[in-house]
Amino acid sequence: MSIDSRQSKMECVIADNVTLPPNCEIGSFVKIYPNVTFGSNVTIGDFCVIGQKGPKREGDLDGLHIPDNSVIRSHSVVYAGSTFGSGLTTGHHVVIRERTVAGKNLRVGNFSDIEGDCEIGDYCRFHGYVHVGKGSRIGNFVWLFSLVTLTNDPLPPSHIQEGVTVEDGVVVCVGATLLPGAHIGRGVMVSENSSVTGKVPPAVLYTTGKSSIPITKVMNFRHKLKLPWQNHFRDAYPDDAQESLETLRSEIVSDTKKLRAAATKE
Amino acid sequence: MSIDSRQSKMECVIADNVTLPPNCEIGSFVKIYPNVTFGSNVTIGDFCVIGQKGPKREGDLDGLHIPDNSVIRSHSVVYAGSTFGSGLTTGHHVVIRERTVAGKNLRVGNFSDIEGDCEIGDYCRFHGYVHVGKGSRIGNFVWLFSLVTLTNDPLPPSHIQEGVTVEDGVVVCVGATLLPGAHIGRGVMVSENSSVTGKVPPAVLYTTGKSSIPITKVMNFRHKLKLPWQNHFRDAYPDDAQESLETLRSEIVSDTKKLRAAATKE
Amino acid sequence: MSIDSRQSKMECVIADNVTLPPNCEIGSFVKIYPNVTFGSNVTIGDFCVIGQKGPKREGDLDGLHIPDNSVIRSHSVVYAGSTFGSGLTTGHHVVIRERTVAGKNLRVGNFSDIEGDCEIGDYCRFHGYVHVGKGSRIGNFVWLFSLVTLTNDPLPPSHIQEGVTVEDGVVVCVGATLLPGAHIGRGVMVSENSSVTGKVPPAVLYTTGKSSIPITKVMNFRHKLKLPWQNHFRDAYPDDAQESLETLRSEIVSDTKKLRAAATKE
């Protein structure tokens with residue numbers, strides 16, 4: 001059952017104008033719609049739908065490019081009309097709708113749903129059951145843990161779409177809800193199951209309605225961990241991300257100093 | 001790769017007694033069980049399971065009718081033994097179990113799970129990851145946003161099933177939990193992440209344990225929106241729903257007047 | 001469309017070294033990887049992936065055994081390298097990763113995700129959208145209701161993995177979050193949407209941050225139900241579980257007596 005392009009052609013439904021590069025691994029029962037192109041070293045799992053057409057708007061991209069070194073796990077659906085940097089990685093049963101503009105090495109966990117019409121920076125990590133509503137703007141190195149929901153309707157149901165903004169290096173812990181128009185500053189950690197409204201200043205620990213302490217005061221004594229997370233987790237990223245991560249770390253530390261200076265004045 | 005009934009027959013597993021009407025679009029790798037019938041203008045996405053048999057009880061319907069103008073998106077599973085009004089629309093990876101009795105134009109978002117043995121009125125809208133437990137009774141024009149869960153077991157695990165009731169025009173915001181036996185009156189808005197128990201009077205804004213203010217006092221100044229939502233969102237529905245929506249709106253407004261009158265007496 | 005091994009071979013992709021026993025029901029479009037073996041009376045739904053390889057560590061099991069009387073529902077993914085007792089039952093769209101070591105008759109609901117590297121006892125019941133993080137240790141007769149999340153990272157993101165422990169007979173109600181390192185004693189009920197940290201003593205009702213009353217004081221007057229749940233729900237389990245359930249029930253009752261004795265002393 002070694003899978004090569006020839007065999008997979010038999011078990012898959014692949015549009016006539018699609019070419020599978022030789023180093024591309026395509027699972028069984030994969031559906032690939034027209035105008036999909038592939039970078040090198042791409043893996044597509046079984047039962048995926050790649051390049052399905054959503055409703056189009058003027059100026060939309062036609063087709064879809066799955067970039068170099070991407071891994072799309074089984075039962076995922078990636079619509080046409082989005083762009084991704086290299087190394088896109090999805091879990092199983094992921095849905096990504098049209099007009100998602102994502103940077104390098106986005107990783108999306110099982111059962112997550114990116115609703116499209118959104119921007120996502122480089123090296124973002126989303127765990128399972130994450131819902132990114134339309135109009136969301138997400139920076140670089142952002143973590144969204146399981147069940148985090150990014151909403152957009154300020155008085156649902158309405159015709160208004162007021163997406164959220166999540167700046168670089170933000171960590172949103174499990175189960176948090178980002179309410180319409182929320183704007184989370186650089187390097188913030190949002191604690192689990194919080195609801196976020198309004199503007200959260202950079203580099204704080206945030207719990208529902210409260211920007212409590214500077215992020216550099218958060219630590220785990222038992223495991224000798226101290227925020228910001230770039231202190232102890234930078235090595236999980238590839239070489240070309242190291243410089244940006246170090247810059248981000250020092251910016252966040254500098255943000256906390258401004259916070260303290262402001263607090264002292266008061 | 002234009003899909004017609006002839007081609008799709010090759011890629012799909014369709015029971016012998018099933019006939020696909022000519023204007024029906026069936027995706028690739030679709031499994032259709034026996035005794036499924038189709039209205040006109042139906043679209044079934046790739047990798048769907050249509051008409052699977054669950055455990056049967058006496059008097060159950062045999063088979064399944066997918067009504068006119070339905071769209072079932074990829075990787076969805078619709079069991080036999082349910083009934084739907086025209087225009088059923090599902091997202092991807094939706095599960096609908098047997099003995100669901102739903103009205104016109106039900107729309108169910110990605111990863112939602114309707115567990116069967118339930119009633120759903122006309123024009124309901126469920127977003128993603130919505131869980132409708134057995135025994136739920138849902139009126140017309142109801143909105144359930146992402147991660148809303150309708151439970152039914154009052155002291156889990158037990159053999160008791162005490163479903164929830166959600167009346168016409170109710171809006172349940174993201175992440176709310178409807179606890180067993182909850183009864184939500186007409187036109188209520190349940191705020192995000194609330195837990196609902198007991199009886200909620202009509203036309204109020206409800207936050208965990210608190211029926212606070214009449215719905216007509218809720219507004220969004222920035223966007224000039226004012227509840228009830230039928231004020232500003234009626235145009236999202238088809239022509240044949242307009243009269244019912246206007247009636248519902250005036251009933252909800254009238255409910256709030258009764259609330260105020262009662263409050264004044266006290 | 002009666003499915004037998006011969007027919008299913010045509011619609012499925014099954015590795016050369018896999019043998020389907022005659023009393024095994026395999027759906028359509030099933031992908032079975034090499035080194036998967038089957039007990040008797042197994043049902044695999046449509047569009048499942050069985051025995052996919054994850055990243056391996058030294059000493060890992062090769063392949064996967066689907067034990068007697070298992071039912072894997074459609075669109076589920078079970079990785080190689082796990083072990084299960086007989087009667088494994090999954091809902092639709094379930095993911096179970098490598099190095100899951102589970103006992104008899106595990107039942108996992110729709111859209112649940114068992115991330116692997118975990119231990120699960122006999123007769124556990126997980127409802128939908130349950131997330132079991134790596135490093136979790138779960139006893140026998142445990143109930144995890146919808147949207148329950150078992151986390152493991154004490155200061156995310158980090159390299160530390162501090163799984164949770166859930167002892168025998170625990171019930172975790174809908175939407176609760178088990179924070180890293182949480183240890184829940186035998187027979188506890190965690191109320192809906194709670195966050196659990198630290199050590200919870202046995203046989204109490206737990207609500208965020210509070211081990212309130214002994215479990216034997218919890219009752220539902222209307223339905224004449226009284227905890228522990230083994231009082232009224234033991235009959236839902238097969239004969240061979242009855243003795244263990246009765247032992248567990250009396251241990252939990254005895255735990256509550258110790259709780260009261262300790263409270264009296266204070």
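Since we're looking at a predicted model, the values are computed, not measured. In what follows, chains carry the letters A, B, and so on, assigned in the order in which the sequence lines appear, proteins first and then strands, with residues in each chain numbered from 1.
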Worksheet item: Heavy-atom distance under 4.5 Å between the side chains of E115(A) and N110(B), does that happen here?
Response: yes
Worksheet item: Taking atom NZ of K56(A) as the centre, does the number of heavy atoms from other residues, nucleotides or ligands within less than 6.0 Å exceed 12?
Response: yes
Worksheet item: Heavy-atom distance under 4.5 Å between the side chains of H93(A) and H75(B), does that happen here?
Response: no
Worksheet item: Where along residues 127-139 of chain A does a heavy atom come under 4.5 Å of chain B, listed by residue number?
Response: Y129(A), V130(A), H131(A)
Worksheet entry | Atom group of H92(B) that falls short of 4.5 Å from chain A, counting heavy atoms | side chain
Worksheet item: Where does N193(B) contact chain A at under 4.5 Å (heavy atoms): side chain, backbone, both or neither?
Response: side chain
Worksheet item: Minimum heavy-atom separation for V49(A) to F47(B), with atom names?
Response: CG2-CE1, 3.6 Å
Worksheet item: Is any residue of residues 146-163 of chain A within less than 4.5 Å of chain B by heavy atoms, and which ones?
Response: L147(A), T149(A), T151(A), P154(A), L155(A), P156(A), P157(A), S158(A), H159(A), I160(A), E162(A)
Worksheet item: For R125(B), is it the side chain, the backbone, both, or neither that has a heavy atom closer than 4.5 Å to a heavy atom of chain A?
Response: neither
Worksheet item: Would you call D46(B) and Y33(A) a side-chain contact if the rule is heavy atoms closer than 4.5 Å?
Response: yes
Item to complete: Mind listing the closest non-hydrogen atom pair of F29(B) and V30(A) along with its distance?
Response: CE1-O, 4.2 Å
Practice prompt. Search all heavy atoms of R73(B) against all heavy atoms of Y79(A) and return the closest pair with its distance.
Written response: CD-OH, 3.9 Å
